Asks: 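Pasting a structure here, questions to come.
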Amino acid sequence: MSTSTSYVPGIYVSPTSAPVTTTTTVFDPAGYVVSAAERRVIRWTIYVGFIALAAGISHGLAQALSYAHINILPYFPFLRSYYQGLTAHGVANAIIFTFAFSNGFLPLMLSRGLSRPLHKSLLWTSFALLVGGNVLIVFAITTNRASVLYTSYAPLQAHWTYYVGLVLVVLSTWAAALNMFLVLRSWRRDNAGARIPLLAYISFLSYVMWFLASLPIATEFLGFLIPWTVGLEPLTDPLLDRTLFWFTGHAIVYAWLLPAYVSWYALIPRQAGGKLISDSLTRMVFILFLLLSIPTGMHHQYTDPGIPEKMKMLQGVLTFGIFFPSLATAFSIMAALEIGGRARGGRGLLGWIRALPWGDPSFTAQVLAMLTFVLGGITGLINASYVMNELIHNTTWVPGHFHMTVGSAVALTIVGVSYWLVPYLTGRALWSRGLALASSWIYAVGIFVFARGMISNGLQGMPRRTFIAQAAYSRPEWHLGGIITGIGGTLMFIGLVLFLLVIVMTIVAGKRGEEPTDVPISETLTAPALTGWEPNLDRIGLWVLAAVVLILIAYGPFFATYLPPHFTSPGFRIF
Ligand code: HAS
Ligand code: CU
């Protein structure tokens, strides 16, 4: 039986008023309290992400407006080119905001899932690396030494501080992963034969996948880009660099997504008053991400010369494989929500939807995130289709797709999680539930409008990564989509400004004593099995081995036939 505090919209109350009766638990609920010292460093880690978000969205607004032929770039201090702003936007929002959140959130979830403290020294190490990396990156970008966009494509060349800064950020994620590994290992020693609590399991697997996935980009930066930019090696191999980038770069999108999935699977059912339907299915979903996230990067390179078509086709097929765990997630979460809606008195085919806790900003933001992800996922499938990709590659369709994935499924989930997490970490209640709700709705409407503009213009051939406001060419059919994009982007900007306002006010002026005192951990309908095949799901080492084998099959032939590197290109700094 659960003895932990239970979740009701926006606030935690005593266990007696739990919205569902408990049959089994997926965690050791012994009322474990995460120490104040750990909460402090986790809080600061996540704040780094919020600062990055604030910096990035102002550039986001500028880009969205540029599609509507409104140029506000001259009003930005430090800004010398569109590409400088686009780099700042991508790095701050897609890389720093997301990983700062994960570096705090995932270890916290593992610690709470296992009821065990984290290593504080590693938490601080991770924080220091994140901050140090950011200082270097901010220096490089604000001084216009790194207008290479967040994909760091060679032969565009950045100052060494940019690459080293990103390396430090990756190291900060490794420190977080190591922390989780050590805590889990000691837990397993003390609990031989026990199943890993689900929340800890999925949190850990998220960063195991990311650790494996980050090795190619580490190779690219340390082995090629940094020696090249400091002059140790005058030339570089752009195709090899791109391939190493996408080797990591597709999996990185799941490193952003999986922390959101951790919340959708392990927390949202409880926030909705429901239960998770299957422990084993959840574990299998995360294993599939571990297996298939990485050997799929070439779907970003369908149009690149120099990669055999057979390799692209193989990775294209695997990309369709990585679609399935998300489909399973859609059905699984929908079922958990339905259980919650019915437990709250919802009746009929769809009446349970109305009964969900829509007044809770944390819940609402995340369900809106899920809804945008339906379209994000469908557009992903179109991207992955070898022939259809020809039509949309390098058009604004692609940012249309990824703002419905990382820009909403992930970002809006972080918003929703923050609405209980920041109160939990700071000991201050959420400042304004009304504004928090408004922020999520405005952002969600904004993303649908924005994506409609980007997607339709992409189909009309509008190029991505182009300063349309000053382009010497245009097409009449781009005008309407451009205006829609500008309106949507403005709404998104307003939504996130409201979010940041609510968070800042919560930190400085939230009421003490009314904050949540525990993580809203869900229960599953059935307990994890101790016999049969299911315990094999916890043999993480074995699954890592299987992932490595798949990666070797998907990437081995390319490297075997391509290497040694073809050093051909000097660096260019053209913006
Ligand atoms: Fe992607 C390009 C394929 C998912 C991010 N993607 C990008 C880029 C980014 C990105 C940033 O195959 C651009 C990179 C660049 O700068 O060039 N993507 C996919 C596929 C998926 C996918 C097949 N992408 C993501 C996610 C991202 C992300 C997730 C970030 C977090 N993507 C591609 C391809 C390209 C690409 C090509 C290259 C395009 C090109 O040519 O350049 C799949 O993983 C998607 C699976 C998703 C689903 C949706 C499941 C829905 C769920 C919600 C359920 C809703 C509920 C609500 C329960 C199957 C789980 C119920 C509510 C009630 C009220 C009841
Ligand atoms: Cu991808």
Side-chain angles (χ1 to χ4, degrees), residues 86 90 93-95 98 149-153 213 242 245-261 264-265 268-269 272 274 285 288-289 292-294 296-304 312 315-338 340-341 346 350 352-356 358 363-364 366-386 388-414 444 458 464-465:
L86 191 53
N93 285 2
I95 298 178
T98 49
L149 308 180
Y150 84 114
T151 42
S152 300
Y153 282 156
R242 277 170 73 90
F245 180 85
W246 287 118
F247 197 162
T248 293
H250 178 67
I252 206 174
V253 313
Y254 299 121
W256 302 331
L257 182 72
L258 292 186
Y261 273 16
W264 294 2
Y265 272 105
I268 272 288
V285 161
L288 280 173
F289 276 112
L292 293 174
S293 292
I294 305 167
T296 44
M298 282 180 188
H299 65 227
H300 292 264
Q301 296 181 285
Y302 284 156
T303 57
D304 278 18
K312 295 178 183 173
Q315 297 210 10
V317 171
L318 290 173
T319 302
F320 281 87
I322 194 67
F323 202 70
F324 280 95
S326 284
L327 275 186
T329 301
F331 291 112
S332 198
I333 305 303
M334 187 90 79
L337 292 180
E338 182 173 349
L350 297 174
W352 58 271
I353 297 179
R354 227 187 17 246
L356 289 169
W358 295 104
F363 171 85
T364 300
Q366 295 186 65
V367 174
L368 292 173
M370 294 170 196
L371 288 175
T372 61
F373 195 44
V374 174
L375 293 186
I378 293 171
T379 47
L381 200 56
I382 292 167
N383 296 344
S385 307
Y386 198 88
M388 280 195 264
N389 183 273
E390 293 271 301
L391 185 68
I392 52 82
H393 185 65
N394 275 341
T395 71
T396 55
W397 165 288
V398 174
H401 157 71
F402 70 67
H403 282 84
M404 291 191 290
T405 53
V406 62
S408 61
V410 176
L412 206 45
T413 296
I414 297 180
R464 69 182 283 204
R465 293 181 157 173

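Just so you know, ligand 1 is whichever comes first in the structure, and atom 1 is the first atom listed for that ligand. All figures in this text were calculated on a predicted structure; none of them were measured in a lab.
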Asks: Going by heavy atoms, is Tyr150 under 4.0 Å from ligand 1?
Replies: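 Contact present.
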Asks: Would you say the side-chain atoms of Ser332 and Tyr265 include a donor-acceptor pair closer than 3.5 Å?
Replies: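 Side-chain D/A pair, Ser332 to Tyr265: absent.
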Asks: Nearest heavy-atom pair of Ala328 and Val285: which atoms, and what distance?
Replies: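 Residues Ala328 and Val285, closest heavy atoms: CB-CG2, 3.9 Å.
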Asks: For Gly340 versus Leu356, what's the shortest heavy-atom pair and its separation?
Replies: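 Result for this residue pair: C-CD2, 4.4 Å.
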Asks: Is it the case that atom CZ in Phe320 sees more than 12 heavy atoms from other parts of the structure closer than 6.0 Å?
Replies: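 Yes, enclosed.
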Asks: I need the minimum non-hydrogen distance between His250 and Ile322, along with the two atoms involved.
Replies: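 In terms of heavy atoms, the two residues are closest at NE2-CG2, 4.4 Å.
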Asks: Return the minimal non-hydrogen interatomic distance between Tyr254 and Ser293, and the atom names on each side.
Replies: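 For Tyr254 versus Ser293, the nearest heavy atoms are CD1-OG, 3.3 Å.
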Asks: Starting from atom 28 (C) of ligand 1, find the nearest protein heavy-atom neighbour and note its residue, name and distance.
Replies: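 Ranking protein heavy atoms by distance from atom 28 (C) of ligand 1, first comes Thr405 OG1, 3.2 Å.
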Asks: Could you tell me, atom by atom, which parts of ligand 1 come under 4.0 Å of a heavy atom of Thr319?
Replies: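 The atoms of ligand 1 under 4.0 Å from a heavy atom of Thr319 are 23 (C).
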Asks: Would you mind finding which of Gln301, Met298, His401, Glu390 brings a heavy atom closest to atom 4 (C) of ligand 1?
Replies: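 Ranked by closest heavy atom to atom 4 (C) of ligand 1, first place is His401.
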Asks: Answer yes or no: are there more than 12 heavy-atom neighbours, outside Tyr153 itself, under 6.0 Å from its atom OH?
Replies: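 Count over threshold, so yes.
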Asks: If you count the atoms of ligand 1 from 1 in the order shown, which ones are under 4.0 Å from a heavy atom of Val406?
Replies: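 Matching atoms, with element in brackets: 30 (C), 31 (C).
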Asks: Where is the nearest protein heavy atom to atom 37 (C) of ligand 1: which residue, which atom, and how far?
Replies: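 Going by distance alone, atom 37 (C) of ligand 1 is nearest to Asn383 CB, 3.1 Å.
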Asks: Heavy atoms only: give me the nearest Ala251-Ile294 pair and the separation to one decimal.
Replies: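 Taking every non-hydrogen atom into account, CB-CG1, 3.8 Å.
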Asks: Applying a 4.0 Å heavy-atom criterion (strictly less than), which segment of Val253 is in contact with ligand 1: side chain, backbone, both, or neither?
Replies: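 Near ligand 1, Val253 shows its backbone as well as its side chain.
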Asks: Strictly under 4.0 Å, does any heavy atom of Trp352 approach an atom of ligand 1?
Replies: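 Yes.
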Asks: Looking only at heavy atoms, is any part of Val398 under 4.0 Å from ligand 1, and if so is it the side chain, the backbone, or both, or is it neither?
Replies: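 The side chain, only.
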Asks: On a heavy-atom basis, I'd like to know which of Thr98, Val367, Leu327 is closest to atom 64 (C) of ligand 1.
Replies: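 Comparing heavy atoms across Thr98, Val367, Leu327, the nearest one to atom 64 (C) of ligand 1 lies in Val367.
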Asks: Any side-chain donor-acceptor pair under 3.5 Å between Thr396 and Arg465?
Replies: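 Side-chain D/A pair, Thr396 to Arg465: absent.
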Asks: For atom 58 (C) of ligand 1, which of Ser326, Ala330, Gly341 has the closest heavy atom?
Replies: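 It is Ala330 that holds the nearest heavy atom.
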Asks: For Tyr261 and Phe289, I'd like to know if the aromatic rings sit close, meaning centre-to-centre distance below 6.0 Å.
Replies: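 Ring centroids of Tyr261 and Phe289 are less than 6.0 Å from each other.
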Asks: Is Glu338 near ligand 1, meaning one of its heavy atoms is under 4.0 Å from it?
Replies: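 No, Glu338 has no heavy atom closer than 4.0 Å to ligand 1.
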Asks: Write out the residue and atom name of the closest protein heavy atom to atom 39 (C) of ligand 1, then the distance separating them to 0.1 Å.
Replies: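 Nearest protein contact, heavy atoms only, for atom 39 (C) of ligand 1 is Asn389 ND2, 3.8 Å.
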Asks: Of all the non-hydrogen atoms in the protein, which one sits nearest to atom 3 (C) of ligand 1, and at what distance?
Replies: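 Heavy-atom neighbour on the protein nearest atom 3 (C) of ligand 1: Gly380 O, 3.4 Å.
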Asks: From Asn389 CG over to Gln301 CD, what is the distance, rounded to the nearest 0.5 angstrom?
Replies: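 Answer for the CG-CD pair, Asn389 versus Gln301, is 11.5 Å.
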Asks: Does even one non-hydrogen atom of Tyr254 get within less than 4.0 Å of ligand 1?
Replies: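 Tyr254: in contact with ligand 1 (<4.0 Å).
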Asks: Would you please determine whether Tyr261 falls within less than 4.0 Å of ligand 1 on a heavy-atom basis?
Replies: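 In this structure, Tyr261 qualifies as a contact of ligand 1 - some heavy atom is under 4.0 Å.
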Asks: Angle subtended at the Cu ion (ligand 2) by NE2 of His299 and NE2 of His300, to 10 degrees?
Replies: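 NE2 of His299 and NE2 of His300 make an angle of 100° at the Cu ion (ligand 2), to the nearest 10°.
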Asks: Distance alone, cut at 3.5 Å: any donor-acceptor contact between the side chains of Trp264 and Thr413?
Replies: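 Result is yes, a qualifying pair exists.
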Asks: Quick test of your reading of the structure: of Met370, Met388, His393, whose heavy atom lies closest to atom 56 (C) of ligand 1?
Replies: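 When every heavy atom of Met370, Met388, His393 is considered, Met370 comes closest to atom 56 (C) of ligand 1.
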Asks: Does ligand 1 have a heavy atom under 4.0 Å from the side chain of Val410, from its backbone, from both, or from neither?
Replies: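 Contact part for Val410 vs ligand 1: side chain (C-beta onward).
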Asks: When you measure from atom 13 (C) of ligand 1 to every protein heavy atom, which one gives the shortest distance, and what is it?
Replies: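 Looking only at protein heavy atoms, the one closest to atom 13 (C) of ligand 1 is Phe402 CD2, 3.2 Å.
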Asks: Checking side-chain polar atoms at under 3.5 Å, does Trp397 have a donor or acceptor matched by the opposite partner on Asn383?
Replies: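 Side-chain D/A pair, Trp397 to Asn383: present.
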Asks: How long is the gap from CD1 on Ile392 to NE2 on His401, to the nearest 0.5 Å?
Replies: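 Rounded to the nearest 0.5 Å, the CD1-NE2 separation comes to 8.5 Å.
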Asks: Could you check atom 47 (C) of ligand 1 against the protein and tell me its nearest heavy-atom contact, residue, atom and distance included?
Replies: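 Looking only at protein heavy atoms, the one closest to atom 47 (C) of ligand 1 is Gly377 CA, 3.3 Å.
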Asks: Please list the nearest protein heavy atom to atom 61 (C) of ligand 1 with its residue and the distance rounded to 0.1 Å.
Replies: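 Here the closest protein heavy atom is Met334 SD, 3.6 Å.
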Asks: Tell me, which N, O or S atom in His250 is closest to the Cu ion (ligand 2)?
Replies: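 Per the distance ranking, His250 contributes ND1 as its closest N/O/S atom to the Cu ion (ligand 2).
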Asks: What closest approach, in Å, do Met370 and Leu337 show between heavy atoms, and which atom pair accounts for it?
Replies: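 Residues Met370 and Leu337, closest heavy atoms: SD-CD1, 4.4 Å.
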Asks: Closest non-hydrogen protein atom to atom 51 (C) of ligand 1, residue and atom name please, with distance?
Replies: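 Looking at atom 51 (C) of ligand 1, the protein heavy atom closest to it is Phe373 CD2, 3.7 Å.
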Asks: Any idea which part of Trp246 is under 4.0 Å from ligand 1, heavy-atom wise: side chain, backbone, both or neither?
Replies: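 Trp246 to ligand 1: side-chain contact only, backbone stays beyond 4.0 Å.
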